[in-house]
Amino acid sequence: MSNDTKTLLAELGIDEVNSGGYDGSWLDTQGELLESVDPTTGQVIASVRQAQADDYERIAERSVEAFHEWRTWPAPKRGEVVRELGNALRDKKDALGRLVTLEMGKILSEGLGEVQEMIDMADLAVGMSRQLYGKTMHSERPEHRMYEQWHPLGPVGIITAFNFPVAVWAWNATVAAVAGDSMIWKPSEFAPLTAIATTKIAHEVLEAHGAPAIFNLAIGDRIEIGERMTQDGRLPLISATGSVAMGRRVGQVVAGRLGRSLLELGGNNGLLVMDDADLDLAFSAILFGAVGTAGQRCTTTRRLFLQRGIADRITERLLKAYPTIRIGDPMDEGTLMGPLVHEKAVGTMMSAIEAAKTQGGELLYGGGRVDREGFFVEPTVVKVPEQVPITCDETFAPILYILEFDDLDQAIAMHNAVPQGLSSSIFTNSMRTAERFLAHTGSDCGIANVNIGTSGAEIGGAFGGEKETGGGREAGSDAWKAYMRRQTNTLNWGTELPLAQGVEFDL
Ligand code: NAD
């Protein structure tokens, strides 16, 4: 391990072996060792002693206690703590961003961008803390007042994926905190160190404010911790980000106990380029969308729909650009594409390429593994004659499928004919075409863009998708409502007791 890495880990308080449980203090966890592997080298960075059932029990109990105290803090006071969390993240942006890059392999500018997203979320949540509005209504009964108010919900379970190992926590945690909730975070087993570093930063902020332990952590096995958490009736909300398979399981278990789930699952995002588009804009957006984060974003551009008039031009330009993409150590300035997260992801990508070929796809570029240590692959372009089974799946790797079309209706129909519905975009200079894409008969996704790509959302809007993407919305707009409970109040300030709907009930 280089001296730079040792210094980085020391700065963030990461030891060789770390506790996987936090409930206000770090628990003496005794579970199996989980090794965190650097996908660039395949070497172990550090290990975590995972939390077990009894650790989870303690963390859950403390989270309930913390909730009971935290909900009594006025929301703007809770916002002040979140403001300080944002400031602490500003101080540690460089180190935490580097750790994101080290542990999951996205390039450094994206690692730093991820921490910036946490900071932006904290700023947004501070504002929300003074805007948790309810409505007032006019009662049909004289001298009555009706209104609704939003109360803290309870301890929230947060399950996160490896690819945004800290930003997704912040989407949930900053908003849940101002809403008055405590939380338990179960991070991805492929990014435990970033979760520990984040929790350490949050711990210092809570301590400095005398705030209860609302930001708790349980790193452990999917069954031992993940399932236990989803079955736990003390957690009224489980917010889970990850694959469709995971969401299907979590959604069913939580529904079985009549809890609430907020699901942010896989995407299979399409980008349409019309003949009248600005091709320079479209080209840049496709490149970042398909290759950025080595194709490991939920919003990665996976399906490229080209209108026939420009299809050859865009395809040729992509095929010239792909060989120039600098693949390498994500820490190095100038690298555009780092590794996949683990060996299994490389195998999954190779199987998908084989499937595409047998389903009529023509491999135009890439398709192989890069001959070096770590989990590196070539960015890949496959032309398919039509939508085939493999293009309906999300393969979490940099494979771009090209499909050609004649007219917009045909393109929209193909675009929508997949089970997922996260992000979509169209490149056109026609206002009519753009509006047709955004209309209710257009894209069926939670996110639909014009002249920007599918990848890289801002935090002010509600983020999430439809169909198998799970229907959840996080981050901006009114997403805070998911973390609170709504209460409708009717208050009679008169001397009579009239019943609604004109019902009479006199003795
Ligand atoms: P994954 O589904 O393998 O794991 C995600 C998390 O779920 C991990 O913490 C894992 O331990 C946990 N988990 C798995 N099974 C569980 C169970 N039965 N009970 C409780 N927890 C369980 O996903 P991944 O490989 O880490 O991430 C990639 C996936 O996440 C992709 O499909 C991607 O599109 C999706 N994703 C979606 C969004 C979004 O906002 N829509 C954002 C990021 C990633």
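The basis for the numbers below is simple: all heavy atoms, side chains too, and nothing from hydrogens, waters or symmetry mates.
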Taking all heavy atoms of Val166 and all of Glu114, pick out the closest pair and write down the distance. N-OE2, 2.9 Å
Measure across Thr395 and Ala352 and return the closest heavy-atom pair with its distance rounded to 0.1 Å. OG1-CB, 3.5 Å
Do Tyr56 and Glu224 touch side chain to side chain, with heavy atoms closer than 4.5 Å? no
Is any side-chain heavy atom of Leu34 closer than 4.5 Å to a side-chain heavy atom of Glu32? no
Indicate the ring-plane relationship of Trp169 and Trp185, choosing parallel, tilted or perpendicular according to the 30° and 60° boundaries. parallel
Given 3.5 Å as the limit, does a donor-acceptor pair link the side chain of Thr391 with the main chain of Gln387, or not? no
Suppose we screen for side-chain hydrogen bond (donor to acceptor under 3.5 Å, both in side chains). Which residues come up paired with Trp171, at least two apart in sequence or across chains? Glu117
Is it the case that Thr299 and Ser423 place a side-chain donor and acceptor less than 3.5 Å from each other? no
Any heavy-atom pair between the side chains of Met246 and Arg222 that's under 4.5 Å? no
Non-hydrogen atoms of Leu304 and Ile314 that approach each other most closely: CD2-CG2, 4.3 Å
Any chance you could lay out the salt bridge (Lys or Arg N to Asp or Glu O under 4.0 Å) test for Asp280 and Arg317, step after step, and finish with the verdict? CA-CA 10 Å; Asp280 290 336; Arg317 208 165 154 185; 2.8 Å; yes
Using the salt bridge (Lys or Arg N to Asp or Glu O under 4.0 Å) rule, take Arg432 and Asp276 through it: C-alpha gap first, then chi angles, then the decisive distance, then the call. CA-CA 12 Å; Arg432 284 197 175 131; Asp276 66 8; over 6 Å; no
Looking at Asp15, is its backbone amide N or carbonyl O close enough to the side chain of Asn18 to form a donor-acceptor pair, meaning the two atoms are under 3.5 Å apart? yes
Check the side chains of Thr301 and Asn269 for a donor-acceptor pair under 3.5 angstrom, ignoring hydrogens and angles. no
Within a radius of less than 6.0 Å around CD of Gln231, do more than 12 heavy atoms belonging to other residues, nucleotides or ligands occur? yes
N/O donor-acceptor pair under 3.5 Å between Thr29 side chain and Gly31 backbone: no
Please examine the side chains of Pro398 and Met349, heavy atoms only from C-beta on, and report whether any two atoms are closer than 4.5 Å. yes
Donor-acceptor check, side chain of Thr335 to backbone of Asp329, threshold 3.5 angstrom: yes or no? yes
Tested for side-chain contact (heavy atoms from CB on, under 4.5 Å) against Met121, the lone hit among Val126, Leu85, Ile459 is Ile459
What is the distance from atom CD1 of Ile225 to atom CD of Gln50, rounded to the nearest 0.5 Å? 8.0 Å
Indicate whether any N or O donor in one side chain lies under 3.5 Å from an N or O acceptor in the other, for Thr454 and Ser425. no
Are the side chains of Ile286 and Phe427 in contact, using a 4.5 Å heavy-atom criterion? no
Please give me the minimum heavy-atom distance between Leu237 and Ala482, naming the atom from each residue. CD2-O, 3.4 Å
Show the nearest heavy-atom pair for residues Arg372 and Thr40, with the distance to one decimal. NH2-CG2, 4.1 Å
Report yes if the side chains of Val341 and Phe375 come closer than 4.5 Å at any heavy-atom pair, otherwise no. no
Would you check, one step at a time, whether the test salt bridge (Lys or Arg N to Asp or Glu O under 4.0 Å) holds for Arg436 with Asp409? CA-CA 9 Å; Arg436 164 83 180 87; Asp409 284 350; 2.7 Å; yes
Lys383 NZ: over 12 foreign heavy atoms closer than 6.0 Å: no
Run the numbers on Arg369 and Glu343 for salt bridge (Lys or Arg N to Asp or Glu O under 4.0 Å), then give the verdict. CA-CA 11 Å; Arg369 184 176 190 141; Glu343 185 60 41; 2.7 Å; yes
Could you tell me whether the side chain of Thr199 reaches within less than 4.5 Å of the side chain of Ile196, counting heavy atoms only? no
Between Phe164 and Lys106, is there a cation-pi geometry (under 6.0 Å to ring centre, at most 45° from the normal)? yes
Considering all heavy atoms, the nearest Leu403-Arg303 contact: CD1-CB, 4.3 Å
Does CD in Glu458 sit with more than 12 non-hydrogen atoms of other residues, nucleotides or ligands closer than 6.0 Å? no
Just how far is it from atom CD of Gln116 to atom CG of Leu96, taken to the nearest 0.5 Å? 12.0 Å
Electrostatic pair Glu11:Arg98 at N-O distance under 4.0 angstrom: no
